[in-house]
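First the structure, in the form of structure tokens, and then the observations on it.
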Protein chains: 2
Amino acid sequence: MTAHSDAHSGARSGTPRSRRERPAKPALTRAGIVAAAVEIMSAEGLGKVTMRRLAQQLDTGPASLYVYVRNTAELHAAILDELLGTVEAAPAGDDWRERLEKVLTSYTDVLFSHRGLAQSALVARPSGPHYLRLLETLLALLDEGGVPPGQAAWGIDLLLQCATATAAEHATRDRDAGAQDDWDGLSAAVRGASGQTHPRLAGLADEVLSGEPEARLSWGFRTLINGILHTPVPADEAQD
Amino acid sequence: MTAHSDAHSGARSGTPRSRRERPAKPALTRAGIVAAAVEIMSAEGLGKVTMRRLAQQLDTGPASLYVYVRNTAELHAAILDELLGTVEAAPAGDDWRERLEKVLTSYTDVLFSHRGLAQSALVARPSGPHYLRLLETLLALLDEGGVPPGQAAWGIDLLLQCATATAAEHATRDRDAGAQDDWDGLSAAVRGASGQTHPRLAGLADEVLSGEPEARLSWGFRTLINGILHTPVPADEAQD
DNA sequence: ACCTGAACACCGTTCAAGT
DNA sequence: ACCTGAACACCGTTCAAGT
């Protein structure tokens, strides 16, 4: 039926029309690749963000991605910085300690709520704009609290390390069957510790295992803040 | 030349003699598997400890290992606990803070000196005998320092988390080319931060990036110890 | 019970060749 | 310059079949 018009307009092969009528392969760009990667990660977790899977999503071959991305690690780092853009800025008004805790908790939540992201953040040092913004925010809050600059400079690393490690720990615990077993194993081992060979551990088993994740994380932050406030850096580092 | 005696003693096929004369396949056991795994890890890093590689080493097929080991994660956890046996016990005599720092430093060194081990320790909660012994040691030292038990019980997690994360960070930085790039990237980004948009970061760039790993780790431990000493756990957790 | 061959369903990365 | 097919060198895990 449409043979006639096809012969008319589509004579020189179908290429020109399919260029306009299909949503078609958008040209590859780094931004497009990262966006597609974030999409896969949100839907299926970072573990599914592989070069091959991503290439498939973008309707190309894995080799093509290497024009825009050095390797899988760099791709994961780019995803991380992208998601770091959603960390809430410090709310005004509250006590600086509370605001600091809120920013760190928001950071932890972002890592926690994307499967696999926290584990990757432990290893991939990010250096994107969103990460720098976060560092600036933390330094500003510590400064507001009167923390000496040298201590603040070293302290932000400790705070982020604690947040990241905690998110990773709980993310695996909640979502990975094997990790749940690990934790059950530890908890059984601690409770089963003999008072003969492990007197303090046996005595403190309940306390060691107690506490909601939120309560422990919050205590961790407050503990770090107190420590940072009270622990001077070595003399030869304190230049200011 | 030996044909006659061969015909004599080896008549019913070669099997009985090869049972005695070859070092031959030692029977598979969990301990043997873990030992072979530790060997591979020491020589080539945890990344090479795969089911297939290990099976090859043990002259069998990968499927055979699943009789003794649930999966790769469990295998890695077993290796970790094995290596934890080499963490030095606290030396007597010194100040409790120094002894605590020494044990934690030794733990960090063990993780650090085995390629890939620290990263795996961040994710795999160990529960083996050597890990329990380490927990006991830490609790004993904190007790000696008069740290309230509830704070000690939560604090050991923070201390080990800090040690593990630091080891992982430096292990990747030193040995993985890509990770070195990551770090160079961060350091360039921090130094390049604009005073307009990131005033504190720009002002503290040198301090943020300063310090030998050892100095920062030591400061981290002291900061945590001070924090643990000064931060009470929430009232409903402090039961004793 | 223990062990295995073979298969299933994947990986990252490179490279010569094409446009 | 950008993109690709095809290959290389691997993975973890399962399962039916053998001993």
Side-chain angles (χ1 to χ4, degrees), chain A residues 12-13 15-16 18-19 24-34 36-37 40-41 43-79 115-116 119-120 123-124 172 176-179 181-182, chain B residues 13 15-16 18-19 24-34 36-37 40-41 43-79 116 119-120 123-124 172 176-179 181-182:
Chain A
R12 304 186 294 278
S13 90
T15 337
S18 67
R19 174 129 77 99
K25 272 172 74 159
L28 283 180
T29 57
R30 191 174 208 274
I33 289 171
V34 173
I40 295 176
M41 115 88 59
E44 305 174 54
L46 193 65
K48 297 285 181 182
V49 182
T50 66
M51 291 302 209
R52 294 182 106 105
R53 176 80 172 67
L54 185 54
Q56 183 187 311
Q57 192 92 345
L58 292 165
D59 195 18
T60 181
S64 307
L65 303 178
Y66 285 81
V67 177
Y68 304 95
V69 158
R70 198 198 306 271
N71 52 38
T72 309
E74 195 201 284
L75 176 66
H76 287 187
I79 296 174
R115 209 187 318 162
Q119 281 98 314
S120 130
V123 171
T172 36
D176 181 359
D181 291 351
D182 278 5
Chain B
S13 90
T15 338
S18 66
R19 174 129 77 101
K25 272 171 75 160
L28 285 179
T29 58
R30 190 174 209 275
I33 289 170
V34 173
I40 295 176
M41 115 89 58
E44 305 175 55
L46 194 65
K48 298 285 181 181
V49 181
T50 66
M51 292 301 210
R52 294 182 108 107
R53 176 79 173 67
L54 186 54
Q56 183 187 310
Q57 191 92 345
L58 292 166
D59 195 19
T60 182
S64 307
L65 303 177
Y66 285 81
V67 177
Y68 303 94
V69 158
R70 198 197 306 271
N71 51 40
T72 309
E74 194 200 285
L75 176 65
H76 287 187
I79 294 175
Q119 280 97 315
S120 130
V123 171
T172 38
D176 182 358
D181 291 351
D182 278 7

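Between the CZ atom in Arg115(A) and the OG atom in Ser120(A) there is a gap of 14.5 Å [rounded to 0.5 Å]. Between the CD atom of Gln57(A) and the NZ atom of Lys48(A) there is a distance of 12.5 Å, given to the nearest 0.5 Å.
For the pair Tyr68(B) OH and dA1(C) P, the computed distance is 13 Å after rounding to whole Å. If you take CD of Gln56(B) and C1' of dT4(C), they are 16 Å apart, rounded to a whole angstrom. Distance, Arg30(B) CZ to dA1(C) P: 19 Å, rounded to whole Å.
Remark: side-chain polar atoms of Arg52(A) are not paired, donor with acceptor, to backbone N or O of Pro62(A) under 3.5 angstrom.
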>> Treating primed atoms plus P, OP1 and OP2 as sugar-phosphate and everything else as base, which nucleotides of nucleotides 6-19 of chain C get B, S or - for protein heavy atoms under 4.0 Å?
In response: -B---BBBBB----

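When all heavy atoms of Val49(B) and Ala37(B) are compared, the closest pair comes out as CG2-O, 3.7 Å.
The side-chain heavy atoms of Thr72(A) and His76(A), taken from C-beta on, include a pair separated by under 4.5 Å. Residues Leu28(A) and Ile33(A) have side chains in contact (heavy-atom distance under 4.5 Å, counting atoms from C-beta outward). At least one side-chain heavy atom of Leu65(B) sits under 4.5 Å from a side-chain heavy atom of Leu58(B).
Comparing dA9(D) with dA9(C), their P atoms sit 24 Å apart, to the nearest whole Å.
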> Which dot-bracket string describes DNA chain D (Watson-Crick N1-N3 plus N6-O4 or O6-N4, or G-U N1-O2 and O6-N3, all under 3.5 Å; [ ] crossing; | other strand)?
Replying inline: ||.|||||...|||||.||

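Listed pair Ser64(B) / dC2(C) fails the phosphate criterion, with no side-chain N or O lying under 4.0 Å from OP1 or OP2.
The salt bridge (Lys or Arg N to Asp or Glu O under 4.0 Å) check on Glu44(A) picks up Arg53(A), with sequence neighbours excluded.
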